Structure formats: C-alpha cells, structure tokens
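A quick write-up on the structure given underneath.
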Amino acid sequence: MKKNCRSMLLVLLVANLIAMSAFAQSVTITGLVRNSITKNPVPSVSVVPRGSSIGTYTDEKGEFKISVEILPIQLFFSSIGYEMQEVTISNGEVETIVDFVPASSLGQEVVVSASRFAERILESPVSIERVSASTIRLAPSSSYYDIVSVLKGVDVVASSLTFKTPTTRGFSGSGSTRFNQIVDGMDNQAPGLNFSLGSVIGLTELDVESMELLPGASSVLYGPGGMNGTLIINSKDPFRYQGLSFQIKTGMMHTDSRERNISPYYNWSLRWGQKVSEKFAFKIGSELIQAQDWLADDYRNYKRLGTQGTIVPGTRETDPNYDGVNVYGDETSIDLKTRVLDAIGVQVPFWQSYISSLPASIPVSRTGYTENEVVNPNTLNFKFSGALHYKLTKKMEVILAGHLGSGNTVYTGSQRYSLKELKMAQYKLEIRSPNWFVRGYTTQENAGQSHNLTITSQLFNEEWKPSPTWYQQYGFAYINAKMAGRPDLEAHNIARGVADQGRPVSGTSQFRNIFDAVRSKPIPQGGKFLDRTDLYLAEGQYNLTSAIKVFEVIVGGSWKQYVLNSEGTLFADKVGEPIKINELGAYAQVGKEIIKNFLKLTAAGRYDKNENFEGRFTPRLTALVKLATDHNVRLSFQTAYRFPSTQQQWIDLNAGSGRLLGANIFLWNKYDLINNPGYNPSNLSERIPYKEVKPEAVTSFEVGYKSLIAKTVLIDAYTYFGTYEDFLTRRDVIQFPGGTPSTTFKGYSIVVNSPEKVKTNGWGGSIEWRLPANFIVSANVSSDKIRNVPTGFRAFFATPELRTVFSFANMGFGKEKLLGFNVNWRWQEGFFYENDFAQGDLPAFHTVDAAITLRRPKIRSLVKLGATNMLNQYYRTAVGNPSIGGLYYLSFAYNVL
Amino acid sequence: MQLHINKWFKYLAITVVGLGILSSCNKDLPLAEPIKQPEPTGSSIMETLNDPNYSFLKAAITRASSVPSATGSLSTLLADKSAVFTFFAPDDNAFRTTFALLGLPPAIGTINFFRPGELDTVLKYHLIGGEKFTSAKITPVPPALNLYLQSSFVLSPPSATLPPGLRMPVFLGKQGPVLFANNIPIVQPDIAVANGIIHKVFVLLLPPSQVLWQRIAADPDMSYLLAAVLRADEGDPAKTLESALKNPAANLTVFAPTNLAFQQLLTGQITVALIPIVTQQLIPVITQQLIAGGATQAEADAQAPALAAAQAPAIAQAQASGLASTPAVFTNPALASVLTAQTVKGIVVYHILGNRAFSVNLPPATANYPTLLNGAIATHPGVGLQATLGATGVTAATVKGAANPTASNVIINPTPAPGGSSDQHYINGVLHKIDQVLRPQ
C-alpha cells in the first residue's frame, strides 16, 4: 500500500514536470480596479483572460498588469463581495479603469474543506462555517483566532491569553485531541505534547486568507483525529496579496487591577508579499504579542480522589490538607499520623499515649505557591513565517513554506504547564496544480524550558526543605501547640508556621535560584519536560473528475511518521534512539449529481493503518438536496476515529504520585504488568490484565438546512446524533512486588478503552440578515448533549448544553461609509466541567466584544478601537483556567483594505 | 428609509445595552470557602469555676495568675474558649483534704502559704492541652496500664538532660468504672465545658519534685537496692541503670525490695553456696576430733562427712548472714563470682517496668507484665501483678517473680516519703516497696 502510494505520487509529479512550458505573451495590459461607489482601489481582484484559467491579481493599489497574446481580449474581473465583470480590452496602451460593483456575497462564499472540492458554502453537503479575511479585519476580537468562538456550535477553552483550544460538538477541553487544526495543509498539533498549538504558532493575522470550520466527524478527508471537527486555516497567496502590510495593535488589560496591575497589550504584525515575476512570488510575515497574561486564581480547595476530584470547602487556614486548584506544591500530602506522629511517638515515649489518642488519620499537605507566584506573567508569542511560490508552469506551482513560533504561555493538561521558550517549526514543500497536489512537511517541536507547575513546585518544596524534615518539624510543632492547649486547627497552623520558617518568598533571589534550578531539570528530578519530537508527513491528492467526467472523483493518500525524542524524560525512548511510529492512509471520494439541480450524492472512505494498531476504515456518505434555488437540505453519515496520541502510546513518566504509562505492550512488559497485573486501588479483588487498546471511534448522522432568502437572509440549521465507542481514557492501578496485596506497591496510570458507549446529540441554527445601509444582524444558537453516561463514568464532555451569539454590525456608515462597528454578545450556559486537572461547576457567562472601525482608503488603512469582554466581567472557560477580563485596544493596520 | 434605519438602530442599540447589562451578571469566581469551625458553646473552665464549690481553686488560680508565667497566665488559658484542655479540678473538699494530709490548715487562706509560682506549677500539673480526654478515651495500649500524658507543667527549657517538649507527666487510668489521675480518684468525670473537659479529683495532684534515683539513694531501707544498681552498672561506662533512674524523661515502675528482703534472699543464696564449702572444711576437723576422742581412723573417716554435713548449714548460714548483713555484699570479692554484675543487673531490671503503674492501675486478677528484663529476654514471662481495690484505695497488691514460690507483697503506705512505701511518685516513675526480691529464674 505504502509502495503503491509513493509510486502514484511520483508518476504524477513527473507527468506535471514534463508538462511545464514557458510563458509566451506579447501584449501587456495595465489597469486599475476601483470601487464603483467609493472610487477606492480594490486589491486582490482576480483578472483572468477569457478562455484561460491563469491570470493575475490587482495589487494593493488596485492596479494590475497582464500579458496576453493578442488584442482585443475579454478580461474577467472577480472578487468576493463584488459582482463579476467582463471587460473587453482593445488597446493595450491605454490604462484600463474598471469600476467594480459591490455585491452581496451572502451564501456565495466558496469553501473547499467540506468536500475538498470548491463549492458554494450554500451547497456544502456537511455543516461548515467560514471566516474571511474581511471578517477578520472588522471583527471585534483581539486576535483572529478568537473569531472562531462566535461561530455556531464552537466552544473555546482559554488556557491563557494566547493558548486557546476550539472544539465543536462536545468533549471540550484544553488541547483537545479530538479536533484537528490544519494550517495551510499542515496539522499544527505538537507531535509530542499532543495539543494543537493554535495561535501560538501558525499564521500571522495579516496572512490569514480564510478559516473554514467543519464541525463534526471529519476523519474521512483529514485523517485520524478529526472526531469532533476540523479547523482549516488558509494563508494568503503572495501572487494575489502583495505589498507591505502591517498592524500595530496596542491595548490595555487588567484595568480594574483585580488580578494584576493595569498593563499594556501589544500585538504587532507585519506581512510582505511580493510577486517578483509571473513565476515567482514570496511572502514573509511576523507577529509579536506581549502582555501580562490572565491569571488562574481559583484558590478553592480541591480534593483529589484518584483520577477524579471535587471542589470542597477549605482554605489554607482551615484545612491542613488544603490543595488549592491553582496553588501548586500543595499536592504533596501525607498522613501525618501514621507517617510522622507515630514515629515520633516511638522516638519520644512520653508523647506516645498522647499521639495514640489522636485521630487515626491526619492528612496534611505542604504549603504551595499560587500561580502568580510561580509563573512569569509576561506572556510572549513570536511568530515568523515565510513562503516561496514558484510557478513551474501556468498550472503548476511549487511552494516552500515555513512557520516558526516561539513564546511563553500557560497550558492546562492534566496539570498546568508553563510553556516557556517553547519553539515549534513547520516546514513544507508542496507542488500543486488545479487537479492535484503533493506535499510533504515536518513539524519540529522543542519544549524549550517548559515545565509542569505542579511537579516543579512540589520539587521546589523538596529542594528547599525535604518533606521528611518539613513534616518532622511540623509534627513536633503540632504536638507542642496542642499540648499548649491550642485547638486542633490552630495547632496545625502553628505547626505550618514553624515548618515554613524561612520558606522562600516568591520574587526573591532565593526563590528564583531554587525554582530555576528545579524547573531546569527534567522530570522526575525536576519539572522540565524535554521534548524534541518531530512529525514527518507526506500526502497527495488527485482530482480525477476531469478525466472520468461521469463522477467527481478524488483520491489521495498520506504517510506519517512520528519520531518521539524526549531522551527518556517523557517517552520510553533513549538518548540517540528515538521511537518511530508510522501511519499510512488512503482515501477516495466519489460524487455525482444524481438528479440535476436536485440531488447530489457523495461517498467517501478512508483507510488508515498505524503500525501499533489494527487498520481502520471510515466511510462517509452525504447527500445534498436542492429543494429550490438557494434552499438546500444536507444529510450525512460520517465516521471518525483517532489512534491513541503519541503520549497515550509511549509515555513513560514518573509523575511523582505514580507512573504514567502508554498503551504499548513494550511498556507493560517493561514494568512486568503482564506477568504481574496491577490491581484496582479501590477494589483489590480486581486485577487489570493487559488488553490491546483500540482506536476511539464515533459515528454521526446529521441533517442540515441552509437557505438564502431574498439574497439578504441566510439561514442555517442542523441536528446531529453521534455514538462514541472505545473511549480512550486512563485508569489507576497498583502493582504489588510479590503479586499479592501488601503494604508496598507501585502506582501506574494506564491507558484503556472504556467499555461504555455514549451518545451525543445536538442542534444549531443561525441567521444572518443583511439590512439596508450596510447593517448586519446575525445570531446563532446551538446545543450539545450527552446521553447514556453510566454512573461514575467520566466522559469529559465538558460542554455547555446551550450557547448563543448575537451580532450587530455595520460595514460602512457615515458620509463616506468609512465607519463601521461590530458588536458580539456571547452567552453560554453553566455546566459541570470535567477535566483531569480539575472538575467542578462552571458558571454561565455572558461577554460582549465590540469594535469601531474607520477605513482610510487613501492610505489603504484601517483604524480599529475595540474591546473584548468590554464590560470587564470576568469569566472562565474551564475550571482551573484563568479568569478572563476586558482587553481594550486600538489598532492601526496598513494595506489591509 | 433613513427613519426606518434609525428605528432599527434604536431597537438594536437598546437590545445591545440590555444584553450588556445582562453580561454584568457574570458570577465572580467563588472564593475558597473556609471550613467553619464549631463555635464553642457553654461556659469556659474559668467560668465554670465560679461555682462556689471551687472557691479554693478559683482563689488559687487567681493567685497563680498574679505573676507572669512563661507558659501563659493560667486564668487566661482557662478562660480562652477557643482553647482545648482536659482539666483536673479539685473542689473545695479536695483542697481541704489535701491541706489536711499536708498538715496545713484546711482553710482557703492556706492558699496564700504558697507562692504564686508554686501554685502556677501545681495547677498546670492539673491541665492537659489540646485534647479532651474523656473517660471513653482512656483505653491504654498494653502493656501500659494507663495513658502516659503530658501536663501543662513544663519542666524546664530543653537541655542535655531534659528533652524538648518534656512536661511533667500525668497518668490517666481506669479501674472498673473509676477513673484515676495518677493514683488520685476522679470523683466526677467528663464535665463538658466550652474549652474542654473537667474531671473533678478527690485531692490535688501534687507534682513530684525528685527522680527515682534520689529516693533510692536517700532511703536507708533501699541501700541494698542502691548497691545492687551500682554493682549492676560496674563495667558499664554509661551507667545505664543509674542513668535511667536519674533521667527525668524516663517512665518506670520500680518494685523496690527492702533491705530485709535482699538480706533474706542473699543470706539464703549465700548459705546454699557455702554449705558444700563449709562441709569440706569441717570434715578434716571433725575427723581429727573423732580420732582424738578415741575413734579409729577408719571410724573417723566414715563418720566425719555426715557430721560435717549436719553442722555445715548452721555454720554456712551464720557466715552468710554475716556476709549479707551489709550492702557491701555486692562488692565482696569473695562473692564476685556469684554476684557478678550481669547477674545482679538481671535481678535489678527484673524489678523495673518500662511504664508507670500506680497500685490503682494494677489488675484485680494476676496478670503478667513485661519488665526491663524482657529487653534482653523477650520471651520471659515477666512479673505477675495484682491489686485489690477497696473503698478507700488499694488495700493489697502483689508482685510475683517467675521463680519466687510466693508473690511478693507491695508494702501499702501511699503517704509521702520518707515513710511512704507504695505509689511513691517521682518525675520519672513510681516506686513500690516489696517484701521479697523477685527472682526471674
């Protein structure tokens, strides 16, 4: 299979290279395209001679230049948001002026990701949402990535200012592994850390041409992982979008000084696209974000019960075993009575009776540090990207592109992680033509100085004062305080004061020295996770429609290799001996309009084989029923699956409280868990034998309706039903050295498939109404539910049952229609948030984002005054994640109109 | 048209403002919720002592609190409703009884005979901090016969001889339904108050002021025991036994044989050892006497052993009695091979329990308890202890050594030294005089 794919791609490449030919035009036409109403130049307009598929684009000044063989000739001018025009050119020596007429584009946007065919969004066979560059320009969001949060059915979990994870159709959470994010054809999931880096790496805001969101199962076309959806972000073509553009965005945060003192927000971005010749163009882009991050300040007491937990009453002063959600280091807890006091009783016989009279168990945790004490609030994100585009022929283009991202941010996984000096790079080589593409890319990950806040803080405490000493001092002081007549709680607090004497204060050089030393050492000696895992992927696709004619046919395939390289600190690899995981996949799609202008059917299937798991076939069937012009019903049956993540396959990490193990049988053998299986810690009569882990799968049915009424009202609605099986989850086991329960044991967290099947269903609807005078009103509401969840089973659905967005905007008002505004009101219902890090009730919240824009066409610039969470009403998107307040900004963007 | 738009705009603006107001309803992140501690209810110990039956105690506390104390003013401690104490409260009758026993006038004014510091010390000996030791919690873990607790009377700052945290210990025991603090009966237990629990005691608990060694070294009736201890420690640079008896942090029960008991045992033991020697010494003498008296050599040889054997015990006993008549017997070179340091140590440690047992703590039926000898011979049966508790206290108590044919009697007399012989309380233990030396084998 692998060999066949490679052969096919090679043949395609060679065939197209042979077909290369030189450009041979002789007459050059120049011209200007301008808005018929405002007379402002219109950039990026496609200019194509009749009978040709190859043309050019207007530059940032609206000017174009194209060479043709003979005159007269008809040129077609087209651009989203304008009516297509055809102009006949008879004289090449006179500059052509084209007055371009704006038109409603509602429902006319072309999307590609739904079927891998270009098709009107109105005629997509599955649900899809699209965000265009113009939407990004005028959106009230501070970052293009945030715009996703107002799309129908989307949940976004914000781990920090720059680390946000969108998900659709449930199973929300930081770093969701059920939702693909693909940027210019490259999956931007960190291959070792297993979370999509979202806006941390990827395109700069000025380089985003469009975003397409596919809610629901999408593995068929985009491979394993897209169980709940796929977000596809496309960049701007330097042949089309040229010139220097930049954006300076400056704002302020923490205006109420609740979490931190008022602080500035900077977001500077730059893009330079240049068409050097008809064959060659390039672009470079860069973006820098710097701010004082939001603060995770949930100091409620969290009681951990194995892998589960619950928020309980208690503070540091009122619960000796306090473990704050966003307090780190206090996870270290022992039973003071059995581990310390009883031993003191042996050493100090005159206390023995007294100690014996104390409760049988006295759990005490060490004193932790709050997140603002251990995390540098300065969040920094630097992105750099570039691409070289070369047209080998009129139709064939080769692209060499690279995206680099680096920065500091905070991420929530099973713990909170400070991603410090994280670096990730993606490099791509792609050859494409209208009917096919071949691309190969690599993702290079470097965790830098990233560290686990819990482990680092725990080990910081150990470094400053080892627990045996700390608890010994605590124990003596506790007994002395009690014997002095102090009530139990006060005795605990006195004891803590004694044991904490000399405890380094955050911000001091003593604290920094110890903390930096601990976080710089790899886990388990320190808190740092070394990870330089790489991903290599090659894929190709061919559209055979023009050859077959009877059907629309697409075939494609991919080869993927993970190279896990953590030097043994995260995975079971060794220095110089990385672990490789190979995956192969192939897909095909056949579409046919069965009844002209009424019914189109599409069938697709994909087969993937991971070397560690049995192969999986995922089919998809879709139907588009055109009830009437611009009234379409879509039906789909989709399946998706995901192989266990690289960590779920190969992690071998001592996390302090136990060892996290991947599912690979090598690890089971390594720790003798096959010959000596672990026990269920809650039920020592149950042993957990080895069982091969299967990929997780979902089957989904969906019905949707989309219609455009009177060219001004776009309505979309859907409902779906999904069934999940073979949930990938973890469970704790304990292994006894002799195989039978005793007082000594080792703890492991292993990957298993949950036997439970759960069902989800949901619905959504949206309306967008283009009113006169450029007013736009839109609203959407969506719902996701989970059913059949067995008692005690945690599905990590973590999704509100109901959410809604209401938007009111004007794209041009005032004398010259240069002013605009956009207001989004977003609300989501409260729900019980389930996650490994923390779970609990997440209250409902509302938030208002708003922006006023002023276009300056003469200098092709846009000034925007905006605010996200304008009313500065703090909200959280996950338990344990930061509280997000208002961000107020003013931006100036040049060459973006 | 413009009017239409303005109307729309107005409605939408109102809607947006309305939604904005709604958004101000976001719930703040809940603060960590403190665990509510139960508020103390009822009177404090200090308030409870307003009862006229506690007028002596109240006066004593007031006087004790009139001077600063390193461990806190007693009246402040007892009035602190947030604190937790177990308090042994002597009522007025208890004070009067105590004064009478001490030969002092049984009047409230007697309190003024004591300096405030002395009263502070004595009364803090009645106080245990941090726990409520109700009668239900008095469940000693064997082989302990009571709960070994620390009072609020801090002996002194940590030093080479006083470990940190050492307070004058107080012992809570139970015999049937009756509770005892040390050997003092609790006449009314478990009086719950806001800041603890009060046990009303029969008399004051008077803290000891000496260690066991001081009594053993000073009591003329224990000179043999003293000599035995010294002999046992011979060759031991650490002087283990002497150190233990001097260590204020130790917790021991010493069954101290009287000098007479030692003499009786030693005389008997030495006599037995001497009889064969004396017999051998007598045979030639008697042989000569018989020949001088007319007997033939053969006749003398035949009769002398029997005659020597008959006379030897009396002579041996006389000699033994002489040897055992002084504690120096333990250092007599002639007996060095018999009374070796190890042998004597074995005997001495067999008389010491590793915990404190007042006579009231001894079981009503004989039961065996380990002694310090079990530190060397773990399987040794220990000693058999038994006491008979009468209405006025223990009327009889016995200790039986494994090799003793009969049990040794505790000489009941709980009055203070020098006359007292049972329940003699010291900082590091309790001492009971017994009338036999206990024989481990």
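This is a predicted model, so every value here is computed, not measured.
Between B/N355 atom CG and A/Q352 atom CD the span is 10.5 Å, to the nearest 0.5 Å. Between B/L149 atom CG and A/W351 atom CH2 the span is 13.5 Å, to the nearest 0.5 Å. Between atom OG1 of residue A/T315 and atom CD of residue B/E33 there is a gap of 9.5 Å, rounded to the nearest 0.5 Å. Expressed to the nearest 0.5 Å, how far CZ of A/R300 lies from CG of B/L31 amounts to 9.5 Å. Distance CD1/B/I128 to OH/A/Y354: 8.0 Å, rounded to 0.5 Å. One distance of note links NZ of A/K482 with CZ of B/F85; it measures 11.5 Å at 0.5 Å rounding.
For the residue pair A/G314 and B/A32, the shortest heavy atom distance occurs at O-CB, 3.8 Å. Contact between B/S82 and A/P487 at its shortest, heavy atoms only, is O-CG, 2.8 Å. Closest heavy-atom contact between A/A484 and B/R167: N-NH2, 4.2 Å. The nearest pair of heavy atoms linking A/T318 to B/I35 is OG1-N, 3.0 Å.
For chain B, the nearby parts of A/S357 are the backbone and the side chain; heavy atoms of each come within less than 4.5 Å. With a threshold of 4.5 angstrom between heavy atoms, A/D297 approaches chain B through its backbone and through its side chain. Heavy-atom distances place both the backbone and the side chain of B/L166 under 4.5 Å from chain A. Within the 4.5 angstrom heavy-atom criterion, no atom of B/N195 approaches chain A. At a 4.5 Å heavy-atom cutoff, the contact between A/P843 and chain B is made by side-chain atoms alone. When heavy atoms are compared at a cutoff of 4.5 Å, B/P169 does not approach chain A at all. For B/E131, the parts lying near chain A are the backbone and the side chain together; criterion is any non-hydrogen pair under 4.5 Å.
In this structure, the side chain of B/Q150 engages the main chain of A/F350 through a donor-acceptor pair within 3.5 Å. In this structure a side-chain-to-backbone donor-acceptor pair under 3.5 Å is present from A/S353 to B/Y148.
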Pair B/D80-A/R486, side chain to side chain contact (heavy atoms under 4.5 Å, CB included): steps then yes or no: CA-CA 10 Å; B/D80 179 3; A/R486 301 328 302 156; 2.9 Å; yes
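In terms of heavy-atom pairs under 4.5 Å with chain A, the best-connected choice from B/N251, B/L127, B/D28, B/L29 is B/L29.
Of the charged side-chain nitrogens involved, none lies within less than 4.0 Å of a carboxylate oxygen, so that B/K27 and A/D841 do not count as a salt-bridged pair.
A donor-acceptor contact closer than 3.5 angstrom is absent between the side chains of B/N26 and A/R876.
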